[in-house]
Structure formats: C-alpha cells, structure tokens
> 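Supplied in structure tokens, the structure appears directly below.
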There are 2 protein chains.
Amino acid sequence: MAVQKSKVTIFDVAKASGVSSSAVSYALNGKSGVSEDTRAKVLKIAHELGWKPNGAAQALAKSKTQRIGLVLGYDPKLLAVESYMMELISGLGAELEKHDYSLLVRMAVGEHAKLSIIKDWIATGNVDAMLLVNIELGDPCVTLLEEHTEMPVLAIADASVSGNLPTLSSADADAVRQAVQYLYDLGHRHIARVAGPEMLAHSYIRDSAFSDVATELGMRYRCLHTDYTPETGSEATKRLLSFPEHPTAIIYDNDVMALSGLGVATAEGITVPDDLSIMSWDDSFMCTAAYPNLTAMGRDVVGTGTKAAELLLKLIDGERVGNVMEEPYELRQRGTTGPVPAER
Amino acid sequence: MAVQKSKVTIFDVAKASGVSSSAVSYALNGKSGVSEDTRAKVLKIAHELGWKPNGAAQALAKSKTQRIGLVLGYDPKLLAVESYMMELISGLGAELEKHDYSLLVRMAVGEHAKLSIIKDWIATGNVDAMLLVNIELGDPCVTLLEEHTEMPVLAIADASVSGNLPTLSSADADAVRQAVQYLYDLGHRHIARVAGPEMLAHSYIRDSAFSDVATELGMRYRCLHTDYTPETGSEATKRLLSFPEHPTAIIYDNDVMALSGLGVATAEGITVPDDLSIMSWDDSFMCTAAYPNLTAMGRDVVGTGTKAAELLLKLIDGERVGNVMEEPYELRQRGTTGPVPAER
DNA sequence: TTGTAGGCGTTATCAT
DNA sequence: ATGATAACGCCTACAA
C-alpha cells in the first residue's frame, strides 16, 4: 500500500485514526502535544495510507521550500567542456538529499538572465537559499544579493570578488603559486599560461597570481586567453610555440586545452615532457586517459559540493558563515612535466 | 523599485490600486472579468511594487509546480566521465526556461533511492512531470511509473526498455549499425566493442545491435564491459591487444575510454590508425582535442534535451506522446580510423 | 465589471 | 492532551 492513486491528506489520516487533523500534524512532525499512543497509531495509519505531506501546502505554511537554487550560465560549450559543474552538483545533491533538500536548477540564457532569475527567486520564494558560482568581475548578482539579506546565499569564488557574501573560497591563488613554484624547481624560467575567459573572476584571480609569482621568481611569462575550447587552446599553443624562444612549460586552465596542447606539440615534433612541460588545471579522467598522463592540479570538487551544501544549510538555519576555505589543490605529477631542456 | 524587501501580496496590490484581490488576480493572469483600464492600472502598480506570485501559494492553488523532476544516479565517476548529462540538462533547462519551468534535481545515492525519490514525487506532488534517464534492465521505476498515470513521464531510452511510457527513443541501435558498416567498408573483419556497464539498458541495446550486425556481415567480434573509466578502458584494450590476432578496430562506448585506448596502443607501439582503428561514442570536445582527433559517433545531446522539454510540456498539457525518435547519430570521421592493415 | 467567500493542504495558535 | 480555527497567498466560482 505504499503509494495511493488519489492523494491522501492529513484529514484522511485524521478520520481513519479517529483524531483531529492537528493531532495528526503534531504526531507526524514529532512535536509534543499528543500522547505516545495516538502518535504511534497516527504514524501507523499514515504509513498504511501512504500519506506524504503535500509539498506546496507545506511550503506555504512554513515558508520553507526545502529547495536550494542554482543558476547555470547557458553555454553548453562551457558546461560540457568541464566536469566541474557536474561534480559540484553531485556533491551538493548527495548532501542535500540527506537533509531532504532538493536542487532547483535554472539556465540563464540571455544577457541579464542570471540576474532576473535571482530576482525571481527572491520575490517568489521558490528557494530557501542560493548557491552562486562562476562569478564575473563586477558581477551585479553579488550586489543584488548583498542587498537582499533575507535570501541566504553562498558564493563559491575567491573571497575578493564575492563582496561580503558568505563564501566558500577557492584555493586558486595558492594553487597557481604551487604550480609555478613546481615548474621553477624543475628549472623552468620561461613559462606560459593558457587561461579561460577573461571576464570570469577566477580567471582573473589565477592571472594575477600567475604574474605575481612569476615576477617574484624572476621568470619570463606569458598569458593568453581562450574560451576553454580545444580549438582556442590549440591556437594559443601554436602561437606560444611559434617563436624560436618559446616557453618551456605551459599551464592550461582546463584539461581539454591541455590535451589539445599536447597534440599540437606532438604534431610539431616537440616532445613532451622532454622539450616542453604541460600542466592541466582541474584534474579529470581525461588527464589519466591521455598518453602520456597529464600532470595536473587536482582538487576534490565533489567535496566542495558537499561542503557548500553544509554551509547553505547552516545559513538557512540562521547561522553566520563567513569565509570558509576550500580544501587546497593537490599537484598530481604525471608524465607531461619534467626538467627544463638543457640546451636552451 | 524592482524588488522589495518585504514580500508584497496581491492584497497589497489590490489596496494600492483600489480594487479587490480577485480583480488583481484576474488582471495579472490575463483573464477576462476585468476592464482594460483596471487591468492596466493593476499591472502597473504590481510592477511598481515588484509583485511576483508566491510560488508555494500558486502551486497549492493550481496544483501545478512549474517544475520538472530529474533523478540522477549518484556516481560522481559516471557523471563526471561524460558530458552527456550536462549537455542534456543544458538543452532541457534552456527550453524549460522559455515556459517558466524549472528543473528539480535529486541525487539517488543508495540502492533503491531512485525508486523512493520517484515515489516521493508522486506523493508530494513536488514536480509536474519527470524525465527518466539511464534506465536499467528490468528497472522497477518503469513499472512504478506505468502504474501512476497521474504523473507524466518521459523516458529517454530505447523504446524496448521503457514499457509503455512515452519515450524519446535513442538512435543507438542504428548508430551501431552505421559504425560497424563503416568499419566493414574499410575492410575490417575483426572488430571489438569496449562497452559501458552491463546493467545499463543502453549498453544492452548497443551490445545486441553490435553482435547482430557483426554476425550479419560475417565479422569476428568481441565485446568487453567496463565501468566507463579510463582505467577499465585501458585494461580492456590491453586484453584485446594481447592476442597476436587482435581486432583491427575497436569501438569504445565513451570518449575517455577511446582516448585511453589510443594511449595504450601508442604505448605498445601500435600505430593508430595504420595498425588499429579506434572509434569513440558520444563525440565531445575530447575527441577534437586528442591527437590524432578521434573518429566518433556524435549526436546533438543539447537538442535531445530541448526535444525532451517540449515533449514533457506536451504531456503536462494532457497531450498524448507516443514514441518519438531522437535525431540520428552522425559519423564524424577523423584521424583514428582507416583501412584495415594489409598484411594481416 | 466588481467584490465576497471558499478552497488548496499544512502548520500553528488558541481555547477546552 | 486534544480539537476547533485561523493563518499561509493565490485562484476561482458565485453573487452583487
């Protein structure tokens, strides 16, 4: 009798157990105000009848939707090119599931779509909280949400671009430092970075860290921007390799571009890692599938999703969440990085 | 004045425009029963006040949530290894957005989690319809949903495994035929398939088509199953290549495994495509990033998502949807397939 | 054309 | 401990 055809309400349960609807409500919500006997009976009957609370009614009465909102920028290319978002959703969703929360997803297709979706959620109350990802430089969403303190928000971003919103801070800057230092230690003195879109805040953060560290260490460096696709990645690589004194190591902002860079090098007769070292950001399956395996800066994105869910639930509970640091990246040394070529 | 702090209701709008709440409701919903003058005034004031209908209240009154449910099997590995789901969500979400629908996502973590999430949605009415993907052989979800005709469902699967549910049929079987014929025409007479998990219905469909066509054409063939990861893909490839008379062409069920297969071949001194042809399923960025570019069976997954959204909305409107065919795959010939080696 | 009132299913307050 | 009863915000007959 698990599931009934016609929806059974709290009144049906009340009638069947010979008590009032409020008694049923108390019993089902584990609140005091009802004897253990009746509670047991009500629970039993509710189960037999296959009763489940109607979501809309519950949401209306409690002004709680049990939903977390996530806006995705609609660019199938960007979304498909990286496993980041899917991993984040996995971690997020799995943790939310434990607390009877769901994930409400909307695609922001046009220009100000993201902003208007957020406004919509604030006004309609269709979510209890929001997760803000892929923040852009000067993102108006941040300002809007700063004003609307009634809507709990967690930003996943570098703390420097998320205003005073509670933030799960990326470890990007540190990771860039770690990667560059690693190449330095291998003897590289001329490196390049093939970055993602310039307007993304995390591109900017990585860009800055990259030039800062390289400068600090007295390295020559170059940074080219792409749209994350292998085509633009290849192009950037070709440009970098077109000079006789080309960089001896390249760090790519994602794995697809690293893979395409590896291809370009191979096609041009440049041996990796003997003549050129290649590093990928965001270690994915692709990195271990490629030959040679790609050295990568990896991190636990699923774990980040889990953490984000925990923090969001805290925010919903009214707890304060400041600026929480994400787990650091981990350098996974594989087959595409090595000492700088001697004769250069 | 776009967005207000305290939530504004239709009563506020009614008071501000000097009419009753029902007049406001009619005006805002574009229904007759109110003069054009008052309608205009109400709309203006509602906009000024930043009124938006409360989602829960609307859902309760209309028993319509404006939400489509999607259950994802929680296996971050499987989810992350392919861009399929993210692309599907992109297309789905973008189309839903046009009709003011959102996507409600939940992760099925345990064994019967998927089933109980579906039961939950049936009972709580938290979604207006569901999309069923990644159906397994003998999937109990299909049976459950067949019984609950009150919940509109669209299955994305081969029609043979989705019972009598409305289905957006995959073109998998045809695509397998096309791929095998292509290899046959190149002269290959001994081929292999490195497939995904055996319990997935679409693996089974492809397996069957594969053996059928190969038999028809009088080809030798082999089929090994994996869990979609590059590790198991490599392993399968090694096993296939370990025999002196190994297949001259391998079709992989996803791109990561095809890439890892390419790596294994390269590492063993087998030249692709001269000594071995490699084909990938599900053309992704990885295929054009790899060197040489991977020949692949590609399809418009985003388009499938769009189509699915359209069909779901029809179902919600009470229209009948039978068995709609997905757009066919397209063979994208690139650098990893070629004529069968002469001296074998 | 307009306003009044009841219903959607729960939760929560108030008497009893 | 229990049972009416009023929110929650919107929609929609039904009267006026």
> So that I can tick it off, tell me whether K314(A) and E310(A) are bridged by a salt bridge, with the cut-off set at under 4.0 angstrom between side-chain N and carboxylate O.
no
> Do the non-hydrogen side-chain atoms of M107(A) and L103(B) ever get within less than 4.5 Å of each other?
no
> Under the side chain to side chain contact (heavy atoms under 4.5 Å, CB included) test, which residues partner S169(B), sequence neighbours left out?
A159(B), T167(B), N323(B), M325(B)
> Return the set of residues passing side chain to side chain contact (heavy atoms under 4.5 Å, CB included) with A108(A) (not counting sequence neighbours), or none when no residue passes.
V71(A), A113(A), K114(A), I117(A)
> Let's test your reading of the pairing rules: Watson-Crick or G-U wobble, both distances under 3.5 Å, then write DNA chain C as a dot-bracket string with ( ), [ ], | and dots.
||||||||||||||||
> Can you tell if the side chain of L137(B) reaches within under 4.5 Å of the side chain of M199(B), non-hydrogen atoms only?
no
> Rounded to whole angstroms, how far apart are NZ on K41(B) and P on dT1(C)?
15 Å
> Please indicate whether K31(B) has more than 12 foreign heavy atoms, meaning atoms of other residues, nucleotides or ligands, lying under 6.0 Å from its NZ.
no
> Let me know the distance between CD of E36(A) and C1' of dT2(D), rounded to the nearest Å.
15 Å
> Go through the structure and list residues passing side chain to side chain donor-acceptor pair (under 3.5 Å) with T143(B), not counting sequence neighbours.
none
> Mind checking what makes salt bridge (charged side-chain N to carboxylate O under 4.0 Å, His left out) contact with D120(A), not counting sequence neighbours?
R106(A), K52(B)
> Base contacts versus sugar-phosphate-only contacts with protein, heavy atoms under 4.0 Å: please encode nucleotides 7-16 of chain C as B, S and - from 5' to 3'.
-BBBBBB---
